[in-house]
Amino acid sequence: MGGEFDWSVIWKYREALWDGLATSFKLFGIALSGGIFFGTLLAMARLSSLKVLSYPAAGFVNLIRSIPFIMAIFWFYFLTPMIVGKFTGQQGEAVGPFTSAIVAFIMVESAYYSEIIRAGIQSIPRGQPWAAYALGMNYWQSMGHVVLPQAFRNMLPVMLTQAVILFQDTSLVYVVGLKDFLGAASKGGQITGRIVELYIFVAVVFFLICFLASWGVKKLNARLAVAR
Amino acid sequence: MDWKVFLEMAPSGGMTYLGWLGSGVVWTLTVSSFAWIIASLVGGFVGVARTTPVPWLRAIGTVYVEIFRNVPLLVQMFLWYFVMPEVLPKALGDWLKQDLPNALTLPFAAQFSLWELTAAILCLGLYTASRVAEQVRSGIESLPRGQTNAGLAMGLTLPQVYRHVTLPMAFRIVIPPMTSEFLTIFKNSSTALTIGVLELTAQSRQISEYTFKTFEAFTAATLIYIVITLTVTFAMRALERRVAVPGFIAQAGGH
Amino acid sequence: MTDPQSPMIDLRAVSKWYGAFQVLTDCTTRVKKGEVVVVCGPSGSGKSTLIKTVNGLEPFQKGEIIVNGVSVGDAKTDLPKLRSHIGMVFQNFELFPHMSITDNLTIGQVKVLGRSKDEATQRGLKLLDRVGLIAQKDKYPGQLSGGQQQRVAIARALSMDPIAMLFDEPTSALDPEMINEVLDVMVDLAKEGMTMMVVTHEMGFARKVAHRVIFMDRGAIVEDCTKDEFFGTARSERAQQFLSKILHH
């Protein structure tokens with residue numbers, strides 16, 4: 001063994017670690033809701049018969065899905081302050097690293113979620129929107145009241161699985177120096193030299209959260225499968 | 001836009017910035033390929049283990065999959081690189097940190113050592129193995145149960161059934177998801193930059209830092225990622241067609 | 001609409017292609033107010049496609065369709081508004097599986113016609129009672145038999161107070177013992193004077209209430225005549241073959 005472990009460092013750093021975990025969850029919550037919202041719009045655009053909508057949507061989704069997550073984070077980290085600056089006339093400082101990271105995560109997740117939601121919409125028989133249109137509903141009413149509620153129900157298991165993956169992916173903000181859970185541990189490790197204990201602790205906490213969440217998703221799946 | 005920047009000499013490695021990009025491509029592909037081999041072998045074994053009727057084999061398979069897929073890849077990267085040398089016996093840990101890096105100087109202006117490379121490959125390979133295992137398992141489970149029974153009824157042993165009936169079919173079913181797993185590793189390999197492996201994403205960021213031509217540097221790397229992704233996709237589709245069984249449409253496990 | 005002689009549904013030389021494949025060829029016919037028209041023909045003859053062009057669910061490339069004085073193919077037409085006046089019943093019922101029976105009956109009234117929830121529920125339940133299913137009002141579509149679902153679907157279409165009804169093979173997805181419960185509802189509707197266009201193979205229904213029968217083959221209208229003419233002396237050979245096939249077995 002390379003020296004004795006000193007687990008007290010975790011207690012000493014509990015506040016920084018807690019703040020880091022809170023940042024991870026905050027990032028997760030915003031990226032999840034933003035990703036599902038824009039992912040739904042992207043999926044609808046991709047399934048549109050209007051080529052001016054479907055082509056750019058398909059292009060965006062395929063572009064994001066074929067580059068590394070970290071590359072996408074770098075891109076939006078670079079582009080967001082520039083674009084915001086263009087509109088507000090202010091320089092880059094107006095946009096903090098957290099906002100840039102949020103934009104990156106929402107963009108990437110919306111691409112991934114749009115594929116899930118597209119499959120969900122396509123799983124609904126053609127007759128359902130037909131029946132909605134036959135009642136006089138317009139496109140948005142048919143989507144909002146008939147197609148999407150059923151699509152989301154079908155897609156719930158996959159969407160939850162993707163949510164667990166998204167929670168793990170939040171650790172990637174480390175590459176732009178944001179202090180999420182992993183970032184906090186890394187910082188603490190640099191100061192105290194106790195990097196081993198801190199990384200093991202982070203791994204265990206992530207494992208417990210993700211394992212329990214996956215287990216819950218599996219249970220839910222089994223219940224949904226019976227209900228159908 | 002200033003694309004001529006790639007023809008300027010880079011501050012190190014005795015090459016242009018284009019050379020840096022090339023070096024990044026080489027190391028991205030090296031890490032991805034070796035990791036993919038590990039992922040296929042380990043993932044294949046673990047996946048098959050989870051379908052056998054042997055309880056302890058299934059248990060090992062399940063524990064492996066649950067551990068590796070419920071810890072973020074980046075955290076696993078740090079566990080391999082920073083934590084492992086410290087928790088191993090001291091002599092072995094020191095060898096990893098001190099002797100392994102000096103065992104061989106990596107080519108292509110690597111600027112990192114064999115130890116970083118090894119840690120990255122092991123991490124990506126064993127992480128992806130848990131995903132591969134799930135694909136293999138669902139591939140095997142999607143085969144009609146009657147197939148195994150028919151094999152056993154002919155007097156084949158269980159290993160023989162796997163060897164001659166189950167695995168040849170499962171292999172064909174698993175090819176499309178294995179393609180996407182390679183592409184997953186290929187994209188995930190950029191996490192290796194956090195432990196100092198200068199692969200493609202890291203090189204493009206390094207170029208942007210030296211030249212301030214961020215847009216050009218990122219665009220170049222992005223285009224390279226897209227071209228390789230498309231190439232792999234087409235190559236694998238050709239392979240799928242070659243091994244396709246007439247009249248049997250593999251639909252399980254895929255996307 | 002005030003002129004009883006003007007057609008409720010007027011199709012003029014309607015043609016439709018899927019890419020290079022022509023699915024409808026110069027289909028022309030008229031359905032007057034209060035008239036019941038049965039459309040039949042072998043499978044793949046285009047009858048389901050034709051009936052879906054009437055309320056614009058299927059677009060068409062040539063010709064014109066006028067429903068209640070409104071051109072369906074005109075890009076300026078408010079299709080949702082037009083459809084809200086034309087009821088439609090589908091082969092696979094297409095009740096919304098995630099809503100209770102009551103919600104299925106009220107969703108269109110509330111969201112499209114702008115009726116209050118109370119008014120819509122009252123109207124919906126009255127129609128549900130009429131098709132004999134008031135006891136099922138709180139169930140979900142998946143808990144009903146096919147025949148019951150189709151009766152709810154008819155009630156849902158009627159809840160919009162339609163001026164005409166389109167039926168697209170309403171009984172062909174049903175088990176034989178459930179066909180009559182649906183046909184009975186349709187016969188009652190016909191007797192009340194509802195304008196109906198019905199794609200069906202149920203020749204018994206046609207004999208009982210149809211005023212006219214249209215026979216289609218390969219995307220074209222081959223016969224368009226009164227019920228008596230059709231069953232007495234169907235002129236085309238294909239119509240005779242079709243009739244002998246579905247009547248004698």
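A, B, ... follow the sequence lines: proteins, then strands. Residue 1 opens every chain. None of these values were measured; they are calculated from a predicted model.
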Please test A:Ile200 against B:Phe78 for side-chain contact (heavy atoms from CB on, under 4.5 Å), starting from the C-alpha separation and ending with a verdict. CA-CA 9 Å; A:Ile200 290 177; B:Phe78 290 172; over 6 Å; no
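- Heavy atoms closer than 4.5 Å to chain A are found in the side chain of B:Leu193, but not in its backbone.
- By number of non-hydrogen pairs under 4.5 angstrom with chain A, the leading residue of B:Thr229, B:Thr222, B:Thr194 is B:Thr222.
- With chain B as the partner, the residue from A:Pro68, A:Cys210, A:Ser66 showing the most heavy-atom pairs under 4.5 Å is A:Pro68.
- Between the CG atom of A:Leu63 and the CD1 atom of B:Ile226 there is a distance of 4.5 Å, given to the nearest 0.5 Å.
- Atom-to-atom distance recorded for B:Tyr225:OH and A:Ile67:CD1 is 9.0 Å, nearest 0.5 angstrom.
- With B:Lys187 contributing its side chain and A:Arg65 its backbone, the two residues share a donor-acceptor pair below 3.5 Å.
- A:Phe74 and B:Phe218 have parallel rings, their planes meeting at less than 30° on a 0 to 90° scale where 60° marks the start of perpendicular.
- Environment of CZ in A:Phe38: sparse, with no more than 12 heavy atoms of neighbouring residues, nucleotides or ligands closer than 6.0 Å.
- For B:Leu79, the part sitting under 4.5 Å from any heavy atom of chain A is the side chain, from C-beta outward, and nothing else.
- Neither the backbone nor the side chain of B:Ser189 has a heavy atom closer than 4.5 Å to any heavy atom of chain A.
- Across every non-hydrogen atom of B:Leu74 and A:Ser171, the tightest pair is CD2-O, 3.3 Å.
- With a 4.5 angstrom heavy-atom cutoff, A:Leu182 touches chain B only via side-chain atoms.
- Of the two parts of B:Thr184, neither the backbone nor the side chain holds a non-hydrogen atom closer than 4.5 Å to a non-hydrogen atom of chain A.
- Side-chain contact between A:Phe211 and B:Val71 is absent, with no heavy atoms from C-beta onward closer than 4.5 Å.
- Highest contact tally toward chain B, considering only A:Tyr199, A:Tyr174, A:Phe206, is held by A:Tyr199 [criterion: heavy-atom pairs under 4.5 Å].
- Few gaps surround CH2 on B:Trp3; more than 12 heavy atoms of other groups in view lie less than 6.0 Å from it.
- Annotation: B:Glu209, atom CD; neighbour count of heavy atoms from other residues, nucleotides and ligands within 6.0 Å is above 12.
- Taking chain A as the reference chain and counting heavy-atom pairs below 4.5 Å, the highest number among B:Asn188, B:Ile67, B:Asp94 is found for B:Ile67.
- Using cut-offs of 30° and 60° on the angle between ring planes, the pair A:Phe78 and B:Phe215 is tilted.
- Enclosure of atom CZ in A:Phe60 by more than 12 non-hydrogen atoms of other residues, nucleotides or ligands within 6.0 angstrom is indicated.
- Distance check: A:Leu172 CG to B:Ser190 OG gives 7.5 Å after rounding to the nearest 0.5 Å.
- With hydrogens and angles disregarded, no donor-acceptor distance shorter than 3.5 Å links the side chain of B:Glu66 to the backbone of A:Phe207.
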Apply side-chain contact (heavy atoms from CB on, under 4.5 Å) to the pair B:Asn70 and A:Gln168, showing each step before the final yes or no. CA-CA 8 Å; B:Asn70 282 315; A:Gln168 295 188 15; 4.2 Å; yes
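- Residue A:Ile165: no heavy atom, backbone or side chain, is found under 4.5 Å from chain B.
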